Each structure stands twice: as C-alpha cells, then as structure tokens.
> 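Have a look at the structure that comes next, please.
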Amino acid sequence: MTGWRQPLRLLVISNVSSSKFSPPLRCSKDLKVQRKTEQDLWFSSGQMAAISGIRALMKVPHLLILQQSFRLTPLQLASTRHCSGSNGLKLPSDTENKSLLENLSLLGVDVKMVRQRQPGVLRKAFTNEMGLAQFLQEKGASHKIIASIVSRYPRAITRSVEHLEQRWQLWRNVFNTDAEIVSILGRSPESFFRSSDNENLEKNIAFLILLGLNSKDLHRLLTTAPRTFSNRLELNKQMVEFLEDICHELGGNDPEQFAKSIISKNLYILIRSTKRVKANIDNLKTFLKLSDAELLALLQGHGADILDLSNEYLKKNFKNIEQKIILLGCKKDDMKKLIINYPMILYIGPTTLNSKLDCLLNGGITIKQILEKPKVLDYSTQNLTERLKELQRVGYDFEKNGINILDSSWKRFAAKIEKLSDLPEE
C-alpha cells in the first residue's frame, strides 16, 4: 500500500487544471474505470511517472492560492482525497476516514458538529472538501464562512464541482451577484446543498416564473423557504391547482392571480400539504361564520399569512381569543371583526397574547382601543411595557390622544417622547 500512495499523489496533482482546482471525480459509477486507469498508470514505464511529476510541478502555482488561504502544505494539498456524489462508497460502519478528518481540521471545520449533524459523511471514502473550498473561495466566500458551511451542513462536501457550477448558475438566474448567494449560504447552507437534483430546481424555477412570480418573489422564496425548490415539481403544481380550485369554489374570477397572491404573501405555503391548508380554510369559515365572498376577501388579504399554521395550533389560538374577548365584555362579532382586520393575531400563542392584552389594559388602554388598533399586538410584551412606562412618565393621555403612538418605530417613539418631555406642564 505504501508503494501505491506516492504515485497516486502525483496523479491527483496532475489532474488539477491551471484555471481551477477541481479534484478528480471518483463517483461510484466511474470507480472501476478510474481504478483500472490508475493501475495502468502505476504499472506503466518510469517515463510516465516522470511526466506525471512534471505536470504536478506545472500545476503547483495555482494550488498555492488554496495553500495560502487555508495555510495548507503542498503535501496536504496533494492528499489522496477524492470527490463523489451523495451515494459515494463508505468505509466500515464504525470507521471514520482519517484523511478526511485531517482535511476538515485544516479547513477549520467543527468536526464535533459534523458528528452531531451528519456523522455518515465522515465514513465516506470519496468526498470533495478541497474542491468545495476552492469553489466557494472563488465565489468570494471567506475561510470562516466555508468552515461554517461545512460544519453545519457536512453533506456539502459530497457535491462535485460540476454539480456546484450548475447549481450556482441556476441560482444566479435569480440573484444578481455571487455575494448575495454567499451571504445566503453563510446563513443557511441547507438552502443550497440540501437537494442534489439540479434538473428539478431548474424546472421549479421555470414553473414559478410561468405562474407569474417575479425575481423578487423568487429571491424571497430561495432565502426564506428554499425547500420549495427541493419539492418535486408535481407537488408544487398540486398546491397551485388546489389554490386555483379554492378560488373557483368561492366565486373568484381570476384563479391564477389568486394562487400567485397566496404564494407571494405566504412563502411557506408550497412546503405545506394541501390537506393542512384546506383544513385551515375550512376552520376559518366555520369559526368566523364567513360567507364565500368574505372568505375569498380574507384569503386575498392578510388571511393568506396564517394558512401554513398547523391545524391544532390555529384551533387552540382561536379558542383562546374567543374566551379572552368574551371575558373582557366583548361580543363574538367583535372577535370576528378583530380577526378579519388582524388575522396575524392567530399566530400569537395563548400565553403571549394574554400577556400582551393584560399589559395594555393595565397600562390604561381600553379593549375597544385595542380592537380598533390591533397592530399594537405586533410588539413584544417587554417593548409595550417600556413604552407605557415612558408615556406614563410624560403624562400621556390615551383617552384624549389614542394609542397610535404605540404603533411606531422606536426611533419615532423616542422622538415623540422627547418632544412631549419639553412641553411645559399644564
């Protein structure tokens, strides 16, 4: 085995192109051919070995880029690590690849995190960590970002450079710069590396563009709900057709626009099941006793935002709102009006919502004022508490001036408080 490794190192270096570091692909389907080629080279004349050595020396200058960035030695760069697809061969089930572990450590990867997240990667015989590092570096990723990406989504090292190039180009059809993509990968590496099906990604992008989503919508989908593009195309089509059918049932006259509007407002809708969405629509209609026209208007508005909630969570929150509102002396019609005007209230869990309402009521605000201006519930209990204390300090009169001041940015609120503090006392 010792005699085998040294010429193989020369072979690996000789395959590095002058323009890009791209370790030789050793995908499982090419393994037998590749091994046969290596054996032929090994048993060939000494002249061939010498030529391989010369080629290796000719390629060294470009490898120095990676060496300088990650502080690697030439011998480390000439490692016998290879590249494979996600179905690459594995070592015995309880054996980690020592060569891979060394390379990951050199790249600054948190190996402990890798073991926690995707331990099977460490037992693969063929990976592409150096090719991935060089690829991302060329796109503008820093050493720190590359290490973070691999630490949090280890399977990234199983992607070939060819696959990465194809996927990157598809993303560039949506984003304007490489820097934007690098930024997303730094925050959520899974969004880029989770799926290995580039063809499916391309089809999903084409389908959503055909539906009428613009580049801004696609940008938001890729950054917020990337699993949309990992879905089988048929699943996304199924949801769109379902939404169009709902529009028809409720008497709408533009089902395509309805579906587009729902998806634009709720980016998670395509990664939920039609069963969940249908149950939520049915529950809204039943809970609020809505006509078809009222339900259609609600869904075309902010009601779309709550369609991805779990059915049980929606029911629990609705029941809590009903109990709390009635306890405060309101009627069911008041509750209906509240939810139609501010459906996001159904996103707020019982404990949090009750805490916010009690905070406002204890601060001198009436339930009638809250019903008229429910967006004050967007703010955290702590934020509301701090604002109410400041307003109390300057003698703010809610009955006279209303509660609009609570629904403002902290900067505008602070400026208003400063202005009120400067007023002479009456």
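Quick caveat, the model's predicted, so the values are computed rather than measured. Nothing fancy with the numbering, it's 1 onward along the sequence.
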> Hey, could you give me the CD/CZ distance between E202 and R167, rounded to the nearest 0.5 Å?
11.0 Å
> Would you check, one step at a time, whether the test salt bridge (charged side-chain N to carboxylate O under 4.0 Å, His left out) holds for K285 with D282?
CA-CA 5 Å; K285 186 173 185 177; D282 291 342; over 6 Å; no
> Give the minimum heavy-atom separation between S105 and V111, together with the two atoms involved.
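Taking S105 first and V111 second, the nearest heavy atoms are OG-CG2, 4.1 Å.
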> How far does CG of L164 sit from CZ of F135, to the nearest 0.5 angstrom?
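With rounding to 0.5 Å, CG (L164) is 5.0 Å from CZ (F135).
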> Surrounding CD of Q257 (heavy atoms of other residues, nucleotides or ligands, distance under 6.0 Å), is the total greater than 12?
yes
> Using every non-hydrogen atom in the two residues, find where H163 and S196 come nearest and quote the distance to one decimal.
CE1-O, 3.2 Å
> Does the side chain of Y268 come within less than 4.5 Å of L307's, by heavy atoms?
no
> Check the pair V174 / L221 against side chain to side chain contact (heavy atoms under 4.5 Å, CB included), numbers first and verdict last.
CA-CA 10 Å; V174 177; L221 275 169; over 6 Å; no
> Look at the side chain of H143 and the backbone N and O of L107, then say whether any donor-acceptor pair between them is shorter than 3.5 Å.
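Yes.
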> With a 3.5 Å distance limit and no angle check, can you tell me whether Y342 reaches the backbone of K337 through a side-chain donor-acceptor pair?
no
> Would you say the side chain of V150 lies within less than 4.5 Å of the side chain of E129, judging by non-hydrogen atoms?
no
> Side-chain contact test, heavy atoms from C-beta onward, threshold under 4.5 Å: evaluate it for N128 versus I157 and give yes or no.
no
> Passes side chain to side chain donor-acceptor pair (under 3.5 Å), D308 versus N266? Steps please.
CA-CA 8 Å; D308 67 298; N266 191 329; 2.9 Å; yes
> If only atom types and distance count, is the side chain of S421 paired as donor or acceptor with the main-chain N or O of I417 below 3.5 Å?
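Indeed, once roles are kept as given, a pair shorter than 3.5 Å links the two residues.
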> Are the side chains of N317 and P350 in touch, meaning some heavy atoms are under 4.5 Å apart?
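Counting from C-beta outward, N317 and P350 do come under 4.5 Å.
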> Do the rings of F318 and F287 sit parallel, tilted or perpendicular, given the 30° and 60° boundaries?
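F318 and F287: parallel rings.
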> Quick one: do D407 and K373 satisfy salt bridge (charged side-chain N to carboxylate O under 4.0 Å, His left out)? Show the steps, please.
CA-CA 9 Å; D407 183 22; K373 190 68 176 178; 3.5 Å; yes
> Looking at side-chain heavy atoms only, is the closest gap between L136 and W168 below 4.5 Å?
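SC-SC contact between L136 and W168 confirmed.
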> Under 30°, 30 to 60°, or over 60°: which ring-plane class applies to F413 and W410, parallel, tilted or perpendicular?
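Because their plane-to-plane angle lies in the 30° to 60° range, the rings of F413 and W410 count as tilted.
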> Let me have the donor-acceptor pairs involving side chains of residues 228-247, under 3.5 Å, with sequence neighbours excluded, atom names and distances please.
unit_1: T228; atom_1: OG1; unit_2: A225; atom_2: O; d: 2.9
unit_1: N231; atom_1: ND2; unit_2: N236; atom_2: OD1; d: 3.0
unit_1: N231; atom_1: ND2; unit_2: L270; atom_2: O; d: 2.8
unit_1: N236; atom_1: ND2; unit_2: N204; atom_2: OD1; d: 2.8
unit_1: N236; atom_1: ND2; unit_2: T228; atom_2: O; d: 3.0

> Ignoring hydrogens, what is the shortest heavy-atom contact between I149 and P189? Give both atom names and the distance.
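That closest heavy-atom pairing would be CG2-CB, 3.8 Å.
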> Please check this pair: side chain of R117 against backbone of R152, looking for a donor-acceptor N/O pair closer than 3.5 Å.
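Yes; judged by distance alone, with no hydrogens or angles, the pair exists.
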> Side chains of L406 and I365: closer than 4.5 Å at any heavy-atom pair?
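In contact.
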> Would you find more than 12 non-hydrogen atoms of other residues, nucleotides or ligands less than 6.0 Å from E372 atom CD?
yes
> Could you tell me which non-hydrogen atom of G108 sits nearest to which non-hydrogen atom of A147, and how far apart they are?
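In terms of heavy atoms, the two residues are closest at O-CB, 3.4 Å.
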> Does any N or O in the side chain of S188 come within less than 3.5 Å of the main-chain N or O of L185, such that one atom is a donor and the other an acceptor?
no
> Would you indicate whether the side-chain heavy atoms of P374 and I345 approach each other to under 4.5 Å?
no
> When you compare the side chain of S142 with that of I145, does any pair of heavy atoms fall below 4.5 Å?
yes
> Judged by atom type as modelled, is there a donor-acceptor pair below 3.5 Å linking the side chain of N320 to the main-chain atoms of K316?
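Such a contact is absent between N320 side chain and K316 backbone.
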> Are any side-chain N or O atoms of S408 and backbone N or O atoms of I405, one a donor and one an acceptor, separated by less than 3.5 Å?
yes
> Working note: I184 + S191, criterion side chain to side chain contact (heavy atoms under 4.5 Å, CB included); need CA distance, chi angles, decisive distance, verdict.
CA-CA 8 Å; I184 294 170; S191 62; 3.6 Å; yes
> Answer yes or no: does atom CG of N253 have more than 12 heavy-atom neighbours from other residues, nucleotides or ligands under 6.0 Å?
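Result for CG/N253: open.
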> Checking R387 against Y379: charged group under 6.0 Å from the ring centre and within 45 degrees of the axis?
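Relative to the ring axis of Y379, which defines the angle, R387 lies inside both limits.
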> Counting only heavy atoms not in E386, do more than 12 sit closer than 6.0 Å to its CD atom?
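Enclosed.
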> Would you indicate whether H219, at its atom NE2, is surrounded by more than 12 heavy atoms from other residues, nucleotides or ligands within a distance under 6.0 Å?
yes
> Give a yes or no on whether a salt bridge exists between E312 and K315, defined as a side-chain N under 4.0 angstrom from a carboxylate O.
yes
> Any salt bridge (Lys or Arg N to Asp or Glu O under 4.0 Å) involving residues 348-361? Give me the pairs, sequence neighbours left out, ordered by first then second residue.
K324-D358
> List the steps and the verdict of side chain to side chain contact (heavy atoms under 4.5 Å, CB included) for I263 and D217.
CA-CA 9 Å; I263 295 169; D217 293 324; over 6 Å; no
> Do the ring planes of F193 and Y153 sit parallel (below 30°), tilted (30 to 60°) or perpendicular (above 60°)?
parallel
> Find the distance between CG (L122) and CG (L104) and round it off to the nearest 0.5 Å.
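The CG atom of L122 sits 6.5 Å away from the CG atom of L104.
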> Taking all non-hydrogen atoms of both residues into account, name the closest pair between I262 and A304 and its distance.
CD1-CB, 3.7 Å
> Looking only at atom types and distance, does a side-chain atom of D334 sit under 3.5 Å from a main-chain N or O of C330, one as donor and one as acceptor?
no
> For L384 versus C359, what's the shortest heavy-atom pair and its separation?
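Heavy-atom minimum between the residues: CB-SG, 4.0 Å.
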> With no hydrogens and no angle check, is any side-chain donor or acceptor of T224 less than 3.5 Å from a backbone partner on R220?
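A pair under 3.5 Å: yes.
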> State whether the number of non-hydrogen atoms from other residues, nucleotides or ligands found under 6.0 Å of K278 atom NZ is greater than 12.
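No, the 6.0 Å shell around NZ holds no more than 12 heavy atoms from other groups.
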> Is there a side chain to side chain donor-acceptor pair (under 3.5 Å) between K260 and S264? Walk through the geometry before answering.
CA-CA 6 Å; K260 173 189 170 184; S264 296; over 6 Å; no
> So which pairs with a foot in residues 181-191 pass salt bridge (Lys or Arg N to Asp or Glu O under 4.0 Å), sequence neighbours left out?
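Salt bridge (Lys or Arg N to Asp or Glu O under 4.0 Å) check on residues 181-191 returns E190-R194.
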> Have a look at N198 and tell me which of E162, Q166, E165 forms a side chain to side chain donor-acceptor pair (under 3.5 Å) with it.
Q166
> Would N311 and N280 count as a side chain to side chain donor-acceptor pair (under 3.5 Å) here? Give the steps.
CA-CA 6 Å; N311 304 146; N280 282 339; 2.9 Å; yes
> Would you check if the side chain of R172 reaches a backbone N or O of N176 as a donor-acceptor pair within less than 3.5 Å?
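Here the side-chain-to-backbone pair exists.
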> Hey, what do you get for CD (Q300) to CG (L295), rounding to the nearest 0.5 Å?
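Spacing of CD (Q300) from CG (L295) equals 10.0 Å.
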> Run L290 and I340 through side chain to side chain contact (heavy atoms under 4.5 Å, CB included) and show every step you take.
CA-CA 10 Å; L290 299 173; I340 288 176; 3.8 Å; yes
